[in-house]
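Have a look at the structure below before the remarks.
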Amino acid sequence: MLWRSVVGKLWLTILLLVSVVLTSLMVLLLQSFERFHVNEAESRLVSHAKMIASIYEGYNTENDALNTISQYATAFDMHVIFLVEGQKVWSTDEAESHQVALDTFFTDETLSQVFSGEQVVMTEGDFPFTGNGEEFHSEIMIVGIPLNPDQLENSAVFLYQSLSAIEEASSETRQIIYFSAGIAIILTTIFAFFLSSRITAPLRKMRQVALEVAQGKFNTKIPILTHDEIGQLAIAFNRMGRELNNNIHALNQEKEQLARILVSMADGVVTLNKKGTVVLTNPPAERFIQSWYYEQGMNNEVDQQLPASLQRLFEKVVLLEKEQVSEVEIQGRSWTVLMTPLYDQHEIRGAVAVIRDMTEERRHDKLRKDFIANVSHELRTPISMLQGYSEAIIDDIAGSDEEKKEIAKIIYEESLRMGRLVNELLDIARMEAGHVELIKEPVNVEEFTERIVRKFQGLAREKDILLTLDIEKLSAMMFDPDRVEQVLTNLLHNAIRHTNKLGEVTLAVRQYEEGIKFDVKDTGSGIPEADLPYVFERFYKADKARTRGRGGTGLGLAIAKNIIDAHDGHISVHSKVNEGTTFSFFIPHKETD
């Protein structure tokens, strides 16, 4: 609607203001001009009356005076009546059909004063007229002048004029005023509309630019067309746009910086809203939540929820409005959680939790205590067997050559076992010192994994285990095939060893833009949750009673971890007792070494 816009409001305001001013001026002008016409007519009649009186008094004979007055009255189109000593002696209306009643001059309060010595009397109103035996009223103006007041009594000359002539002059004046007012209103309307449109045009441009700024186009500028208040507003608006652009740019930089910091943090960060819903996480926190999903048997696509222990911690933080610390055990890993409330002025709007994986610290503490015991435990058995069977040979306990050969074979096997143990210790020491050498080359992943699976098919059939390869069409990858084969050999061998009869072992390979992922899944006995954080440590065995009989040294997974680390990848494990285990490692894609 026009009247709802600034143009309509401004245009209507100017029009109403001008209309009120013009109306007031028109009323005052009409009254002034009407009064002017009346005063002008009165002044003119008074002048004519004095002239006629002087003519009458200046002539020696009355007839000569009346003839001159008659010519004068005819020339100026006036009505004249002479009263001498109360009697009408002459009138310009003698031949006319209507004339003012004589009684009027004596009965009217104003006109009768001329006979009592007043020099001039004037009045206007509705006076009676007579003619042809009829009487009617008409609006006239009458002026009276006494004649020879010193010599004659009740003698005067009266001039009268119809007010219609004055009305005609006033009517013409009113028409001119009305016409002028109409033209003024039309011009005002055009000018007001033009002015309001001219004033509001920059405002409409500002509105358009404001909408563009609201859409994020902060570089949009308003053209500066004037240097008045609207021009200053445009300058201020452009300055505001620049400041907004700078602030948004600074906020984006700060946001990107914070995002980089969060991604590069070793600790997990979880931001929660007031309802306890996860709003923001970084990769370490994602891994923590995914581990909890796996432990709970939940789908990863479910809306992110907090573990029950963190939910209780969040409720405690909101209730007490103080930071809280707690430790959580998930998938055998120990996590320390520090949760702090977030405030919106004085009201809590959520919380931020910093999650630190304390497994390494716990593991190092345990390793420091167990390393010597593990090494001595691993070496004690072959040394004891070498010592015992050597004493048997020295004491000639073995009587036959077959027994001697059997003892020598045992000594040889135990020496090989000690050699493997020492070589693996040297190998892992070199890896941990950073001296591992990788010979990377393009590898056809499909042929590579099919060959490794075929190598273990015989062992799998002996144990009645179904060994399968789950692979999609893959492109060539750059890595050290011998080292990666060493990792897969260790993982597949462990999976088959710990899987019961009629079980399943699967090698799944998936390629992504970032690299390639290998998953070795089995339906075996699984790993206890308390042992999961230590499976990649040297000499660690989840079930020492069973693994010892199978010839394990406890160094295979530690070597595998160092090989994957040398490829800038990472290896992890998820397991449930009596349900199975999944070992996963990821090698990033790198075109050049």
Side-chain angles (χ1 to χ4, degrees), residues 290-291 294-295 297 300 331-332 424 443-474 477 479 481-512 515-529 531-536 540-561 563-564 567 569-587:
Q290 295 301 323
S291 299
Y294 184 87
E295 184 176 87
N300 291 352
Q331 284 287 289
E424 289 180 349
V443 179
N444 188 321
V445 182
E446 295 185 32
E447 296 179 359
F448 174 74
T449 53
E450 288 174 356
R451 177 172 57 81
I452 294 176
V453 170
R454 283 197 303 270
K455 183 171 68 174
F456 284 94
Q457 286 291 357
L459 180 61
R461 281 194 295 268
E462 289 179 6
K463 297 192 64 178
D464 289 335
I465 293 174
L466 178 61
L467 176 60
T468 59
L469 175 63
D470 180 10
I471 191 171
E472 296 178 351
K473 185 173 179 60
L474 304 173
M477 284 286 297
F479 56 79
D482 293 334
R483 291 294 189 178
V484 175
E485 182 176 353
Q486 182 181 356
V487 174
L488 289 174
T489 298
N490 182 275
L491 295 179
L492 288 172
H493 189 261
N494 287 344
I496 293 173
R497 281 195 307 160
H498 293 89
T499 301
N500 297 326
K501 188 176 181 181
L502 301 180
E504 295 182 6
V505 175
T506 302
L507 172 60
V509 186
R510 296 288 184 271
Q511 191 170 23
Y512 305 94
I516 189 168
K517 183 181 179 184
F518 296 84
D519 293 316
V520 179
K521 307 176 184 177
D522 65 61
T523 58
S525 57
I527 302 173
E529 184 176 335
D531 295 323
L532 282 176
Y534 309 104
V535 294
F536 295 108
Y540 195 85
K541 299 177 182 179
D543 189 347
K544 298 176 177 58
R546 292 195 294 171
T547 55
R548 185 174 304 283
R550 294 170 176 144
T553 62
L555 295 174
L557 290 177
I559 294 173
K561 183 178 184 303
I563 292 173
I564 300 302
H567 282 82
H570 58 82
I571 187 170
S572 61
V573 59
H574 295 288
S575 181
K576 285 186 179 181
V577 177
N578 299 325
E579 291 188 15
T581 303
T582 300
F583 279 90
S584 303
F585 65 90
F586 180 83
I587 299 177

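Remember, it's a predicted structure, so these values are computed and weren't measured experimentally. Only heavy atoms go into these numbers, but all of them, side chains included; no hydrogens, no water, no symmetry mates.
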Original post:
Hey, does Leu557 have a side-chain heavy atom less than 4.5 Å from the side chain of Leu491?
Top reply: yes
**OP:** Not counting sequence neighbours, which residues clear side-chain contact (heavy atoms from CB on, under 4.5 Å) with Asp464? List them please.
**Re:** Lys501, Leu502
**OP:** Measure the acute angle between the ring planes of Phe518 and Phe585, then classify it against the limits of 30° and 60° as parallel, tilted or perpendicular.
**Re:** parallel
Original post:
Can you list the residues that meet the side-chain contact (heavy atoms from CB on, under 4.5 Å) rule with Ser575, with sequence neighbours excluded?
Top reply: Ile527, Leu532, Thr581
Subject >> With sequence neighbours excluded, residues passing side-chain hydrogen bond (donor to acceptor under 3.5 Å, both in side chains) with Thr506 >> reply: Thr468
Subject >> Qualifying residues under ring-ring contact (aromatic ring centres under 6.0 Å, His included), relative to Phe586, sequence neighbours excluded >> reply: His570
**OP:** Could I get the full list of side-chain contact (heavy atoms from CB on, under 4.5 Å) partners for Gln511, not counting sequence neighbours?
**Re:** Leu474, Ser475, Met477
**OP:** Report the residues that fulfil side-chain contact (heavy atoms from CB on, under 4.5 Å) with Glu450, sequence neighbours left out, ordered by chain and then residue number.
**Re:** Arg454, Leu469
Subject >> Partner set under salt bridge (charged side-chain N to carboxylate O under 4.0 Å, His left out) for Arg461, not counting sequence neighbours >> reply: none
**OP:** Output all residues satisfying side-chain hydrogen bond (donor to acceptor under 3.5 Å, both in side chains) with Asn494, sequence neighbours left out; order by chain, then residue number.
**Re:** Asn490, Arg497
Original post:
Looking only at heavy atoms, which two atoms of Leu467 and Ala460 are closest? And how far apart?
Top reply: CB-CB, 3.9 Å
Subject >> Those residues that, when tested against Lys561, pass salt bridge (charged side-chain N to carboxylate O under 4.0 Å, His left out) (two or more places apart) >> reply: Asp565
**OP:** Check step by step if side-chain contact (heavy atoms from CB on, under 4.5 Å) holds for Ile452 and Phe448.
**Re:** CA-CA 7 Å; Ile452 294 176; Phe448 174 74; 3.5 Å; yes
**OP:** Indicate yes or no: at least one non-hydrogen side-chain atom of Ile496 is less than 4.5 angstrom from one of Lys463.
**Re:** yes
Original post:
Any idea which heavy atoms bring Ile563 and His567 closest together, and the distance?
Top reply: O-ND1, 2.9 Å
**OP:** Sort and list the pairs that fulfil ring pair (Phe, Tyr, Trp, His ring centres under 6.0 Å) and have at least one residue in residues 453-472, not counting sequence neighbours.
**Re:** none
**OP:** Compare every heavy atom of Thr523 with every heavy atom of Gly503, then report the nearest pair and how far apart it is.
**Re:** CA-OG1, 3.6 Å
Subject >> Counterpart residues, side-chain hydrogen bond (donor to acceptor under 3.5 Å, both in side chains), relative to Lys455 (two or more places apart) >> reply: Glu485, Thr489
Original post:
What's the spacing between His574 NE2 and Phe583 CZ if we round to 0.5 Å?
Top reply: 11.0 Å
Original post:
Which residues satisfy the salt bridge (charged side-chain N to carboxylate O under 4.0 Å, His left out) test with Glu472, sequence neighbours excluded?
Top reply: Arg510
**OP:** Could you grab the distance from atom CG of Asp522 to atom CG of Leu492, nearest 0.5 Å is fine?
**Re:** 10.0 Å
